[in-house]
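Data block below; observations after.
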Amino acid sequence: MGSKSEEKSTLKRSWFQELKAEFHKIIWPDKNSLVKQSIAVIIIAIIVGCIVALLDMGLMEGLNALKALVQQLG
């Protein structure tokens, strides 16, 4: 019967072997594809950032207008 340290060592070795096997299955993109996908991600991030900024400005203006209205009435 094996000791616990031997079992842990075997499990670790098995896990690393499986990890190495999984890394060999990865299909890495070629340079052209990587550049295109990176540009797409950057453009989408900029667009989403602009949308969030516009929503933020709109909400701030709306809240400031509401705040001014409340002050005039109060």
Side-chain angles (χ1 to χ4, degrees):
M1 192 161 169
S3 69
K4 287 196 176 218
S5 64
E6 288 176 7
E7 289 176 13
K8 284 184 181 180
S9 176
T10 303
L11 287 174
K12 285 182 184 178
R13 194 175 316 124
S14 173
W15 186 82
F16 281 113
Q17 287 172 345
E18 289 178 21
L19 181 65
K20 187 176 178 181
E22 289 298 320
F23 268 104
H24 286 295
K25 293 179 186 177
I26 295 173
I27 300 172
W28 298 101
D30 60 308
K31 184 178 179 181
N32 191 26
S33 175
L34 182 65
V35 169
K36 286 180 181 178
Q37 291 175 2
S38 297
I39 290 171
V41 167
I42 291 168
I43 290 171
I44 290 171
I46 290 170
I47 291 170
V48 169
C50 290
I51 291 170
V52 169
L54 289 172
L55 287 172
D56 181 50
M57 285 191 291
L59 288 172
M60 287 298 293
E61 289 298 321
L63 289 174
N64 287 337
L66 186 61
K67 184 177 162 184
L69 183 64
V70 169
Q71 286 179 348
Q72 287 178 353
L73 294 175

- Task: Any side-chain hydrogen bond (donor to acceptor under 3.5 Å, both in side chains) involving residues 28-40? Give me the pairs, sequence neighbours left out, ordered by first then second residue.
- Result: Ser33-Gln37
- Query: Can you hop from Ile27 to Phe23 via hydrophobic side chains spaced under 4.5 Å?
  - Reply: no
- Could you tell me which residues satisfy salt bridge (charged side-chain N to carboxylate O under 4.0 Å, His left out) with Lys25, sequence neighbours excluded, listed by chain and number? Glu22
- Note on the structure: Going by chain and number, the hydrophobic cluster around Leu69 (ILVMFWY, side chain to side chain under 4.5 Å) further includes Leu73
- Query: What residues join Ile51 in its hydrophobic cluster, counting side-chain heavy atom gaps under 4.5 Å, either direct or through other members?
  - Reply: Val35, Ile39, Ile43, Ile47, Leu55
- The complete set of side-chain hydrogen bond (donor to acceptor under 3.5 Å, both in side chains) pairs with one or both residues in residues 53-66, sequence neighbours excluded, reads none
- Query: Is it the case that one hydrophobic cluster holds both Val70 and Leu63, taking links as side-chain heavy atoms less than 4.5 Å apart, direct or via other members?
  - Reply: no
- Note on the structure: Hits for side-chain contact (heavy atoms from CB on, under 4.5 Å) against Val48, two or more places apart or cross-chain, chain-then-number order -> Ile44, Val52
- Item | For Ile42, side-chain contact (heavy atoms from CB on, under 4.5 Å) partners two or more places apart | Ile46
- Message: Test question: given the 4.5 Å side-chain rule for I, L, V, M, F, W and Y, name all other residues clustered with Leu66, or answer none.
- Response: none
